[in-house]
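Proteins get letters first, then strands, A, B, ... in listed order; numbering begins at 1 in each.
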Number of protein chains: 2
Amino acid sequence: MTELRTLKVALLGCGNVGAQVARILLDDADMLASRAGARLELAGIAVRNLDAPREVELPRALFTTDAETLVKDADLVIELMGGIEPARTLILTAMQNGACVVTGNKALVAKDGPTLHEEADRAGVQLSYEAAVAGAIPILRPIRDSLSGDRITRVLGIVNGTTNFILDQMDSTGAQFADALAEAQRLGYAEADPTADVEGYDAASKAAILASLSFHTRFSLADVYCEGISAVTAADIAAAKDAGFVIKLLAIAEKLGAGGRETGTETSRETGTETAAGDTGVSVRVHPTLLPREHPLAAVHGAFNAVFIEAENAGELMFYGQGAGGKPTASAIMGDLVSAARSIVLGGPGRAETTTGKVVALPVTAAVTSYYIGLDVADQPGVLAKIARLFAEHGVSIEIMRQTIHRDADSKIESAELRIVTHRASEAALAATVEAVKGLDVINSVTSVLRVEGV
Amino acid sequence: MTELRTLKVALLGCGNVGAQVARILLDDADMLASRAGARLELAGIAVRNLDAPREVELPRALFTTDAETLVKDADLVIELMGGIEPARTLILTAMQNGACVVTGNKALVAKDGPTLHEEADRAGVQLSYEAAVAGAIPILRPIRDSLSGDRITRVLGIVNGTTNFILDQMDSTGAQFADALAEAQRLGYAEADPTADVEGYDAASKAAILASLSFHTRFSLADVYCEGISAVTAADIAAAKDAGFVIKLLAIAEKLGAGGRETGTETSRETGTETAAGDTGVSVRVHPTLLPREHPLAAVHGAFNAVFIEAENAGELMFYGQGAGGKPTASAIMGDLVSAARSIVLGGPGRAETTTGKVVALPVTAAVTSYYIGLDVADQPGVLAKIARLFAEHGVSIEIMRQTIHRDADSKIESAELRIVTHRASEAALAATVEAVKGLDVINSVTSVLRVEGV
C-alpha cells in the first residue's frame with residue numbers, strides 16, 4: 001500500500017456510542033484508511049472519569065481528562081459528550097483550530113446550530129451530525145445532497161425509538177401507557193427518567209434539525225410545538241385501531257401557504273400544503289398522530305425509526321432503520337468521519353449546507369391537519385345533527401362519523417360513543433370546534449382529541 | 001443577490017426524464033442557483049429529431065442535433081439518451097473536456113463503469129448516476145458516503161417497478177402472469193416489448209451497480225446471475241401466500257465466506273454470511289424470491305422501489321420511493337447536478353468512490369439461500385419419510401414441510417401437495433436436491449422451486 005498521510009482523531013466522550021466508535025477506529029484501521037484515503041489515528045479519548053467502566057476494552061493510555069488539549073491538536077474531532085457545555089465550547093475550539101467536527105449531539109445542534117455553522121464556515125471546516133437524527137439511518141445527507149435539486153414539502157418522522165416502542169406495545173398488547181413504559185424501562189428502551197423521550201423533547205430537537213435542512217433555513221427548538229405521549233390512553237389506541245389507524249409520535253415539518261410555486265389548488269392537493277388563514281411558512285411540531293394502518297410509517301415497529309419525505313418531484317420517499325444504540329449510531333458517526341477525512345485529503349472546503357433564511361416558522365395554530373375526536377354522547381334523538389351543525393359552523397368538514405351504542409345485559413343503553421375524523425382544517429378552527437363541542441348539552445365528555453396525518 | 005458565476009449545462013436526450021430536467025432548469029433557476037452557489041444555464045438539448053413531440057413545452061432554440069459540439073462547451077453534462085453508443089463516447093468526450101457528468105444510464109454504467117470511472121479520475125471531474133438505480137430514491141450516495149465507515153454485508157432490492165407491479169397484481173387479484181403483464185402494459189407500467197423488465201435484465205444492471213458500490217469493487221453485468229418472472233405462476237403466488245410469503249423480484253448482492261472479520265458463527269448468524277463450500281466473495285443475482293409477509297420489503301407495492309441494506313454496525317436499513325417516472329427520476333438527476341455544481345464552485349476534485357478491487361464475484365452456485373419447493377406427490381404411506389431422507393442425504397435441512405390433500409366430491413383423494421421450505425444451504429446442494437427429488441418414484445411433478453430471503 002502506498003504511504004498515506006495520517007489524520008489525528010480526537011474522541012470526546014466514551015459512553016455507549018463512543019466506545020463503539022473507538023473500537024471501529026482501532027479494529028478497522030485498514031478498511032477506514034482505504035475508504036478515507038488517509039490513516040485515521042485515534043489520538044485520544046477525553047472522559048470525565050478515567051476509571052469508569054467501558055463497554056469495550058480500550059488501551060488505558062488513550063484516555064485523558066484534558067479535552068481541550070486533545071482537541072487543539074486534532075484534524076478530526078468526534079463529540080459524543082452530549083449536553084450543551086462543555087461540548088459547545090470544545091467544538092468551537094476544535095473548529096477554530098482547523099479541525100472538522102462530527103457530532104451526535106442533537107440538543108446542541110437544535111439549540112445553537114447557527115453559532116456552530118457560522119464558526120464552521122469561518123474556519124472552512126466541515127461540521128456533520130448525521131448521528132443526531134435517527135441513529136444509523138442516512139437521512140441528513142440525502143436531504144442535503146440528494147434532494148438539493150428538489151423542493152421538500154413535508155417531512156414526517158418517527159425519530160424516537162422509546163416512544164415508538166411504548167406505542168407499539170400499547171397497540172399490540174392493549175397495555176396502558178404506564179405499563180408499556182415500565183416494560184420499555186425493563187428492556188432498556190427507556191431511561192429511568194423517561195421525560196425527555198415521552199414528553200417529546202428528544203423528538204423536538206430532531207424535528208428542528210430535519211426542518212432546518214429540509215427547508216434551507218435554521219430552526220431552533222423554540223420554533224417547535226411539542227406534545228408527548230404520556231396522555232395517550234389504551235382507549236385512544238383501541239379506538240384508533242378500530243377505525244383503521246395506528247398512533248405514532250411524529251416529528252412533522254411541513255410547508256404551508258404560498259411558498260413560491262406551491263400555490264394553487266392542484267399543487268396543494270398533491271403536496272398537502274393548504275393555506276391556513278393565509279399563513280406562509282413552515283410548521284414544525286411533535287405530537288401523537290393517527291396514521292392509516294396502510295401508511296408506510298405505520299409498519300415501523302418497536303424501537304425502529306423512519307423518516308417519510310414528500311418532495312415536489314421525487315414524490316414520496318421513506319428511510320428506515322435503527323434509530324439508536326451504540327453500533328448503529330457509531331455507523332453514522334463513522335460515515336461522517338470518513339467523508340470529512342476524504343474532503344481533507346482531496347482538498348477544498350467540502351460541502352456546505354445551503355440556507356436561504358427566508359422561511360418563517362409558524363405556530364402550531366397555523367398548521368393544517370385532520371382531527372380524530374372521541375365523544376361520549378347522550379343517547380337522544382338529534383345528537384348527531386347538533387354536532388354536525390356545530391362542526392359546519394366552525395368551517396370544519398367531517399370525513400367519518402361513527403356512533404357505537406353500548407348496552408347492558410338487559411339491552412338498555414349504557415352509553416353512546418361517537419367517533420369523528422375530520423377533513424383537513426386549520427388547527428385554530430379545529431381547536432375552536434373542540435371547545436365548542438365541550439359546551440354542547442348532549443356531550444357527556446370529550447374522550448380523545450388526536451391529530452391525523454397520512455390520509 | 002451577489003453576482004454568481006454561471007455554469008453551462010448540456011442536456012443529452014429529451015424523453016420522459018429529460019423534458020422534466022429541462023423544465024426544472026428553466027423554471028427553478030433561482031432556487032437552483034441558491035442551492036448550487038452558481039447559476040445553472042441550460043445551454044442546449046441534444047436530440048435525434050428536432051420535431052419530436054415533447055412532454056413539456058421548451059424553447060425551440062435550445063434544441064440541437066449536434067451533441068458533440070454541445071458537450072465540448074459545457075461545465076456539466078446530463079446524459080439521458082440511454083443505450084451504449086453514442087452515450088458512452090459523448091460522456092468520455094465531456095469528461096476529457098473537463099465537464100462533470102450526471103447520467104441515468106444504468107446499462108452503460110453496469111456494462112462499462114470501469115472505463116467511465118477511470119476517465120473521470122484522470123480528468124479530475126465528477127461522474128454521478130444516482131438516477132440509474134431506483135429512480136428518485138437516494139441510495140447510491142448513502143451507500144458511498146453515509147455507510148463509508150461501515151461494512152455492508154447484504155443488499156436486497158426491489159429495483160424494477162414493472163415486475164413489482166405485475167407480481168403485486170398477481171398477488172392481490174390472483175391473475176396469471178400474462179394477464180397481469182397486459183394490465184401493466186395498459187396502465188403504462190410495462191413497455192410494448194417488456195423483455196428487459198420481465199426477464200430481469202434491467203434489475204441485473206442495477207444489481208451490478210449496487211454491488212459495486214456496496215462492496216467497493218467494480219462488478220459488471222456479466223457477474224450477475226439473472227432469472228426473470230415470466231415463469232412465475234398464479235399457483236406459485238397462491239402457494240406462497242398460503243405459507244405466509246410474498247414473491248418479489250429481488251436484486252441481491254451479499255458477501256459470502258470469510259471476508260475479513262465476518263467469519264465465525266456468531267457474526268454469520270447476524271449478517272447471513274454463511275460460507276458455501278468455502279467460497280469467499282460476493283454473490284450478485286436477480287431472481288424471483290419468497291419473502292415473509294412481515295419483511296419490510298413485502299410491503300412495497302405497485303411500481304414502488306425499495307432497497308434493504310444490512311451492515312455490520314448500522315444493522316438493517318431500508319430506502320423506499322418511486323423507482324421510475326419523469327419527475328422522480330429528474331429529482332435524482334437534479335440532486336447529482338447541484339452536488340456536482342457545488343464541488344465545481346467550492347473547488348477540489350469532489351468525492352471519489354473507493355474501490356479495493358479485491359472482491360471476487362461468485363457464481364450463483366456459491367450462494368447460500370433457502371428454497372421453497374412445491375411437489376405433487378403420490379398418496380402413499382412413507383412418502384414424507386422418503387423425501388425427508390433424500391434432503392438429509394444432500395445436507396439440506398427442512399424448516400417447514402406441509403402436506404395438503406385434495407379430495408373430490410366423494411372424498412376420494414385426487415392429489416397430494418407437499419410444500420417444503422428449507423433452511424439456508426448452498427445453491428449447489430439445493431439444486432442437487434431438487435434434481436434428486438425429481439427422480440423419486442413417489443413424485444408426480446415438481447410444481448415450483450423458488451428462493452426464499454428475509455427469514
Sort Leu147(A) into side chain, backbone, both or neither according to what part of it lies under 4.5 angstrom from a heavy atom of chain B.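 The answer is both parts of Leu147(A).
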
With only heavy atoms counted, which part of Ile24(A) is less than 4.5 Å from chain B, the side chain, the backbone, both or neither?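 Answer is side chain: those atoms of Ile24(A) sit under 4.5 Å from chain B.
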
Kindly check if the number of other-residue, nucleotide or ligand heavy atoms within 6.0 Å of CZ (Phe165(A)) is above 12?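 Yes - once you tally the heavy atoms of other residues, nucleotides and ligands closer than 6.0 Å, there are more than 12.
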
Closest approach of [X] to [Y] (non-hydrogen atoms, all atoms of both residues):
X: Val338(A); Y: Gly149(B); value: CG2-CA, 4.0 Å
X: Gly335(A); Y: Ser148(B); value: O-OG, 3.5 Å
X: Asp150(A); Y: Arg35(B); value: O-NH1, 2.7 Å

Residue selection (most heavy-atom pairs with chain B, distance under 4.5 Å) from [options]:
options: Gly315(A), Pro328(A), Pro142(A); answer: Pro328(A)
options: Ser146(A), Gly135(A), Ala136(A), Ser128(A); answer: Ser146(A)
options: Gly325(A), Gly321(A), Ala314(A); answer: Ala314(A)

Report the distance from atom [atom1] of [X] to atom [atom2] of [Y], rounding to the nearest 0.5 Å.
X: Phe319(A); Y: Ile139(B); atom1: CZ; atom2: CD1; result: 9.0 Å
X: Asn313(A); Y: Met334(B); atom1: CG; atom2: CE; result: 8.5 Å
X: Lys327(B); Y: Glu312(A); atom1: NZ; atom2: CD; result: 7.5 Å

Can you confirm whether Ser34(A) sits close enough to His216(B) that some side-chain heavy atom of one is under 4.5 Å from a side-chain heavy atom of the other?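 Result no, sub-4.5 Å side-chain heavy-atom pair not found.
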
Using a 4.5 angstrom heavy-atom cutoff, name the option from Gln322(B), Glu294(B), Glu130(B), Met31(B) with the most pairs to chain A.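 When all of Gln322(B), Glu294(B), Glu130(B), Met31(B) are compared, Met31(B) has the most.
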
